[in-house]
Amino acid sequence: MAGEGLRPGLATVIAGDSYPAHAYERRVRRLAEDLGCHYACEALPADVAEADAVAATGKLNADPRISGILVLRPLPPQVSEAALYRALDPLKDIECVHPVNAGLLALDRPRFVPSTPASVFHLLDRYLEESGDDAAEFYRSSSVVIVGRSANVGRPAAMLAMQRGATVISCDVHSARAGLLHDHVAAADILVVAAGVPGLLGGEHVKDGVIAVDVGINAVPDQVIGGVRLVGDLDYDSVAARARAVTPVPGGVGPVTYTRLLHNTVAAARAGLGVAMARPWTEGLVSAPG
Ligand code: NDP
């Protein structure tokens, strides 16, 4: 990259004191710096006004050293996610949350594939390939159930599943309240859970042979260590007893996500200079049926 005069730059916007958001920021900073990227963080106080958060984002848009910007969640209640996402330069929106980029993803013409859903399908694609399955055929004949519908994770994950030709069912709190969640989950061939609810689903809810991806990262108190530990949305042991494969937390989707984030940062830097990626950022996508 240096030979091409390219030094990718990653920036984060963080507001308030959220423990998971700051832990994520530290991991991203360390990785960016280790890889020789420029790194900047706009750390805003919990009582920041929305207009000031938008202005901080605009500052990063205008900074030529920054190629990709990540808005960390949760944001304080007075700052709307939608307002900050709209304020991002779409060419630097590596998490694909600006309405233009979310629209392009929905139309199967993604500028960037957001890091967490990209990681989910990276793991699934590789797992199917390495197991000797015909991945394209497997998706086309599978029911993929995605629990969680956020703009960052659940919704784009559903888009990526659709791009692969799967039958996709998207569940959220309303599905649970309507008593539909467990029926849909029980029918899933591939289950992706991104609800942020520790132990939401266990072995009794899934079908034998399910492939399950746990995106949830939840800090729960641990009396033994006298602090907090991270757990997923699945009860790992009971799901593992019935599943064909299941990802652990910590250690499953999370570490891949950081890599994908940096991958998108490099892609944005290259796009800014008109240099094509050696491997396009849609790599790993399986063509939808023609
Ligand atoms: P959000 O809170 O933005 O969204 C959660 C989604 O889950 C919402 O759609 C919500 O429904 C739905 N939901 C909540 N409770 C239930 C329930 N009981 N039954 C069914 N659906 C439910 O969270 P994110 O999408 O940002 O993150 C989800 C989880 O993934 C979190 O634990 C987060 O820490 C983790 N995460 C992990 C990453 C990784 O790299 N591994 C990266 C990003 C997030 P509704 O819309 O109706 O409220």
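Order of appearance sets the numbers: ligands from 1, and atoms from 1 within every ligand. Values reported hereafter were calculated over all heavy atoms of this structure, with side chains retained and with hydrogens, waters and symmetry mates removed.
Salt bridge D125/R164: present, at least one basic N to carboxylate O contact under 4.0 Å. Using a cutoff of 4.0 Å between basic side-chain nitrogens and carboxylate oxygens, R86 and D93 are not scored as salt-bridged.
Protein heavy atom in closest approach to atom 6 (C) of ligand 1: G148 CA, 3.6 Å. When only non-hydrogen protein atoms are considered, atom 36 (N) of ligand 1 lies nearest to V215 O, 3.7 Å. Nearest protein heavy-atom contact of atom 33 (C) of ligand 1 is I217 N, 4.1 Å. For atom 21 (N) of ligand 1, the closest non-hydrogen atom of the protein is D172 C, 3.2 Å. When only non-hydrogen protein atoms are considered, atom 28 (C) of ligand 1 lies nearest to A194 O, 3.4 Å. What sits closest to atom 42 (C) of ligand 1 on the protein, heavy atoms only, is T116 OG1, 3.1 Å. The nearest heavy-atom contact from the protein to atom 48 (O) of ligand 1 is V173 CG2, 3.8 Å. Shortest contact from atom 29 (C) of ligand 1 to any protein heavy atom: G196 N, 3.7 Å.
Contact analysis leaves P20 out of contact with ligand 1, as no non-hydrogen atom separation drops below 4.0 angstrom. Assignment of N152 to the shell around ligand 1 is not supported, since no heavy atom sits closer than 4.0 Å.
Applying the 4.0 Å criterion to heavy atoms of T257 picks out, from ligand 1, the atoms 39 (C), 40 (O). Atoms of ligand 1 found under 4.0 Å from any heavy atom of R73 (numbered from 1 in listed order, with element): 1 (P), 3 (O), 24 (P), 26 (O). For ligand 1, the atoms sitting less than 4.0 Å from at least one non-hydrogen atom of V153 are 25 (O), 43 (C), numbered in the order shown with element in parentheses. Residue A176 approaches ligand 1 through these ligand atoms, each under 4.0 Å from one of its heavy atoms: 19 (N). Near V147, meaning under 4.0 Å from any of its heavy atoms, are these atoms of ligand 1: 20 (C), 21 (N). Close contacts between ligand 1 and N218 involve ligand atoms 32 (O) [criterion: under 4.0 Å to a heavy atom]. Short contacts between ligand 1 and V197, defined as distances under 4.0 Å to a heavy atom of the residue, involve ligand atoms 15 (N). Applying the 4.0 Å criterion to heavy atoms of L200 picks out, from ligand 1, the atoms 18 (N).
Of the residues listed (V193, D183, L181), the one engaging C171 in a side-chain contact (heavy atoms from CB on, under 4.5 Å) is L181, and it is the only one. Among L160, V215, D214, the single residue meeting the side-chain contact (heavy atoms from CB on, under 4.5 Å) criterion with V192 is V215. Here the options are H22, R27, R29, the test is side-chain hydrogen bond (donor to acceptor under 3.5 Å, both in side chains), and the partner is E25; only R29 passes.
No hydrogens or angles considered: nothing links the side chains of D134 and Y139 as a donor-acceptor pair under 3.5 Å. Between the side chains of R260 and S119, no donor N or O sits under 3.5 Å from an acceptor N or O.
No donor-acceptor pair under 3.5 Å is formed between the side chain of E95 and the backbone N or O of V71. One N or O on the side chain of N264 and one on the backbone of I94 form a donor-acceptor pair closer than 3.5 Å. The closest donor-acceptor contact from the side chain of S238 to the backbone of G203 lies under 3.5 Å.
Both the backbone and the side chain of S150 come within contact range of ligand 1, each with a heavy atom under 4.0 Å.
Nearest to atom 7 (O) of ligand 1 by heavy-atom distance, out of A151, C171, P117, A195, is A195. Between atom 9 (O) of ligand 1 and the options E95, R149, R27, the minimum heavy-atom separation is to R149.
No more than 12 heavy atoms of other residues, nucleotides or ligands lie within 6.0 Å of NZ in K59, so this atom counts as exposed by the packing criterion.
The presence of a protein heavy atom under 4.0 Å from atom 13 (N) of ligand 1 is confirmed.
The two residues A83 and V54 have their closest heavy-atom pair at O-CG2, 4.3 Å.
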### Task
Given side-chain contact (heavy atoms from CB on, under 4.5 Å), test Y39 with T12 step by step and report yes or no.
CA-CA 8 Å; Y39 181 82; T12 48; 2.6 Å; yes

